[in-house]
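For reference, the structure is listed below as structure tokens.
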Amino acid sequence: MRKTYVGRWTPTRRAMLRASAIGAVVAPFLRPFRTRADDEAPCRIITIATPIGHHNDWFPLTTGRDFQLSPITQSLEPFRDRLLFIKGLRSAYHYSIGGSGAHKAGYPSAFAGATTDGDPATALNMSIDQHVLPGIGGESTPIPSLQLGVLPTGSRDSTISYAGPRAELPPEGNARVVFDSLFGGSDPNAELQRARRQSVLDAWTGELTSLQRELDPAQRQSMDAHLTQVRALENLLTQDACDAPSGIANENDFYGNATNMPAISQQMSAIIASAFGCDITRSVALSFSNSGSTVRHSWLGHRANHHSISHDGDAEHSLNLIAEIDGWYTEQVAHLMMLLDSIPEGDGTVLDNTLIYWATETGFARSHSPFDLSVLVAGNPGGYFATGNALDLGDGVDRTNQTPLNNVMAEIATGLGVETEIFGQEGFATGQLPQIRN
Amino acid sequence: MTRTNHWLVLMCGAAACISAGCEGSIDELAPPEDIEGGPEVITPGSSCDADGTPAPLHGRRLTATEYTNSVTDLLGLEGEHGSFIRPALRAGFIGVSLTLSDVTELSAYDDAARQLADRAVAELNPGEIADATFVEEYLRQTARRAYRRPLRDEDVARMMGTYNAGVEAGTPQDGVAWVLHMLLASPHFIYVIERGMPEANEDGSIPLSPHERATRLSYFLTGSFPDDMLSAEADAGTLDDQAVRRHAARLLETRRGIERMNQFIREWLGLDSISTATDFRLDDFGPEHPETRAELRESIRRTIDSVLLSDDPSLSVLLQTRSVFVTEALATSWGIPVPALDGDGWGVTEVPEELRVGILTHPVFIALHSTDGFANASIRGHFMNSKILCREIPEPTADVFDEFPEFELAATDRETLETLHLGDEGSSCYACHVALDPPGFAFENYDSLGRFRTTQENIPGNVADIDASGVLRVDNEDSPYANAEELTNILAQSEQVRACFVRHAFEFAFSRYEETDDMCTLENIHTQLPEGGGTIPEMFVEIAMRDSFFVLTPDALEVR
């Protein structure tokens, strides 16, 4: 089997040292916290979606605490003590009545534990990144949460964040827009612009406040959300100077162009790292592209698109291409982890206090299977999670009795301070997942 | 007077059909009475004197197109102003979530509003800006149109407060710019907020106020706020049924009205996905250049416009038009003779009917319903079933995953699919694909880029003839066809296809799927149309004439 994994990132010496030292020395002394860390080290969450399932070897080659990463996920080796791979999970979408296609139903299942109401990108439940906000102090930061996309084609099937039924929170794929919102642009008339913005924000606040009094509950909820965003803009206007990321493109048409995906991915990672470092927000949903992605990974030398390749049988050539795609996505996640790990916080780094949940929309992609899904939980806020492990929960279990993905999310919510017995769709989720906590 | 259309009932049986899976044949499910646990069957003349009570509509936010149109009409500035608004699907059409995504989305509104306000101020006459009386009148008028209702005292106070703050901090120009900035992302502008009238109807539903009626009508038919004539009618309190009919017919003849119907057809056909397709089938149209997408989109838009602007702007003409609009590059790529081109580089070819008939054979439509280099009859058949015939095919069930077979490329695309899907009559693949694929076989004469072909050479050295014949199950009959031309002729005559078209127009207008309570609304739209279905503008008018189009539902009462 041909193995070509394009490496863009070399682990730093420090990261390598951490990787070799921590697993052996520090881990045995970690105490099982059930609440979040102290106030000085806030807990955070990043949910990550990459499309169309995984190559079989995305999951470690061996399970248990001494799991062995395959070449596909080698870029995560420096963080192995903070990784928790889980496979053998089932997704809610199989149980969807009148569902709208397995790909499209996949993200709502993977991130909200619920089916759709017919249109893709509508989930019948709140997504995990929103659900945990009360537990991580989401309301105490300038922005409660951020929804980012690397190539969110029209953003419809790229949505992984939901405030509730029919309240999709689609991602923004233009890093320039995100950058300007969070870190402000430079303006020669800064003072006048600031006064103008403040005045306009005041007027909107007045309008929204008077509207809230006269609307029905559903509309009022949206006005509340709008008011929250107005306050967030106001907070950003008055926040202290903070290290802004560099390297954000200026041309708007740079974004939305598939060939720029590698660069956009790096820019979004830099924005997330700065937003966390500055404590602008504690919850980010990062969607790489739409479910059932038809991105052609031209930078890997691919001629066919991802979706086509995934249906191309078991031909060795196609499996190699899938391995390359998976390897690339893994490198992106590793790069993000590296950035977070480079920001010191308390005795550790921002990565230590961040929970990363990486999921995809399908199990066996070729047949759109809702079974045998694999996810990665990484980072370990509060020491709650039993990281440094690879668990195969599907071993010896009939597929239809596999553990619902929802149970992983129930555990994430609880670990981040929102005690949750059942997460997502009633009748599907079966509880928590004690195996993944300390 | 009631002409019951049982296809409407069948459509509502989709959920029942899906839970039934594909055991046996889908076609057995066709007559509504065979749907187990399906919806109640509406019998002629029994219950549809009035529309049902519609499902709740919890306010709306302007879609990208609506925002673009509204800003253009408000300020006279051209541009894709609303492109930053993140779309969501509503019943398969492009809509938008009521709730803002996060601060970056509000920030994008703020940026757009700031830039637009500055552009608008730059176009104003400096002498006028210095005239405080003129400015106040200008701002009042702009706000009145943006808010789509008479201004309240608090609106004016807030607006003039912002104006004065701007003048004080800067110049009179700043004052105007600050107010426009505020208006262009004001919740009263970007949301359609509806409160209804104080008195509820007998069935508990709440009638909309005259200005709310005018707003719904206008956004449905033109994708923009009410124009002065319609606003005046709302102001005068004379927007009754007759006036609605008159204005609806008038608005559909405007440039915005034509474009709105064009947009409905494009979204119904799934054509607007060209704008966002990442699939690099587009590459195959030639070296990638930014104009390709725009040209493809423009070609289909012009073809639809030519039908809408013709003497008979009907569904059957749309299904049978032979006009294909091309640039030189498109004609060459599609193997169509280059016609005389106008100054913009566009021309129209009337293609011979043995080659192409109707919008469903337009190369762009075909290309978008293909997969990489493969004329995919399943994808084309899926479209035909769901969008043309309103026949729901269930998603694969768990047992399908057990028997996903290996397959090899056969001599033609059709043969490959037939072997894979229909090779084993006992398989669960067969149960669904036997209904899914056949309507798609009619388009075998078009390759994955929409080019006409009569042979295919999938296997080198093996030139195989294309077979585009099949049997279409429609109107409860099996109709054999030899090719796409014959298939579209059958569709153009079909009652089921017309009813399905009405259903999708309903979904476009109401921005949601229909529910059992909507059966009478659908039925009443259908029965009001002339024999043969009438024209597309007539259908839009009849939708706007339904009582259920202009009410709020009882749950809005809670806060009153």
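Letters go in sequence order (proteins before strands), and every chain restarts at 1. Remember, it's a predicted structure, so these values are computed and weren't measured experimentally.
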Practice task
Answer whether the closest heavy-atom distance between the side chains of A/E207 and B/M182 falls below 4.5 Å.
Solution key: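 Heavy-atom side-chain distance check passes, below 4.5 Å.
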Problem - Sub-4.5 Å side-chain heavy-atom contact between B/T104 and A/N174 - result: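 Of all side-chain heavy-atom pairs linking A/N174 with B/T104, none is under 4.5 Å.
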Max heavy-atom pair count under 4.5 Å with chain A, selected residue of [options]:
options	answer
B/I193, B/T162, B/V179	B/I193
B/G95, B/A165, B/S186	B/S186
B/R152, B/R61, B/E105	B/R152

Handout entry: Interface residue of largest heavy-atom contact number with chain B, from A/H226, A/Q221, A/H306, under 4.5 Å
Key =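 Of the options given, most contacts go to A/H226.
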Practice task
For chain B, find which of A/S289, A/A232, A/G206, A/G173 contributes the most heavy-atom pairs closer than 4.5 angstrom.
Solution key: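 Looking at each option in turn, the highest pair count goes to A/G206.
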Using non-hydrogen atoms only, which part of [X] is less than 4.5 Å away from chain A: side chain, backbone, both, or neither?
X	answer
B/Y147	side chain
B/A64	neither
B/A169	both
B/I190	side chain

Handout entry: Atom CD of B/E154 with >12 non-hydrogen neighbours under 6.0 angstrom
Key =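 Counting neighbours around CD of B/E154, more than 12 heavy atoms of other residues, nucleotides or ligands fall under 6.0 Å, so yes.
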Problem - CG (A/D398) with more than 12 external heavy atoms under 6.0 Å - result: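 Enclosed: over 12 neighbouring heavy atoms sit under 6.0 Å from CG of A/D398.
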Is it the side chain or the backbone of [X] that comes within 4.5 Å of chain B heavy atoms, both, or neither?
X	result
A/A167	both
A/R197	side chain
A/L211	side chain
A/S210	side chain
A/L146	both

Straight-line distance of [X] [atom1] to [Y] [atom2], nearest 0.5 Å:
X	Y	atom1	atom2	result
B/D102	A/S145	CG	OG	6.0 Å
B/S101	A/Y162	OG	OH	11.0 Å
B/H188	A/W204	NE2	CH2	13.0 Å
B/T99	A/L169	OG1	CG	7.0 Å

Exercise for the section: List the steps, then state whether side chain to side chain contact (heavy atoms under 4.5 Å, CB included) holds for B/V103 with A/L182. Expected result: CA-CA 9 Å; B/V103 72; A/L182 301 195; 4.2 Å; yes
Problem - Full working for side chain to side chain contact (heavy atoms under 4.5 Å, CB included) between B/Y191 and A/M223 - result: CA-CA 10 Å; B/Y191 298 102; A/M223 295 307 129; 3.6 Å; yes
Practice task
Give the intermediate values and the outcome of side chain to side chain contact (heavy atoms under 4.5 Å, CB included) for residues B/S107 and A/D180.
Solution key: CA-CA 8 Å; B/S107 182; A/D180 286 348; 5.7 Å; no
Practice task
Determine whether the side chains of A/Q229 and B/Y109 contain a donor N or O and an acceptor N or O closer than 3.5 Å.
Solution key: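 Absent: no donor and acceptor within the cut-off.
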Handout entry: Pair B/D110 + A/R196, salt bridge at N-O below 4.0 Å
Key =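 A/R196 and B/D110: not salt-bridged.
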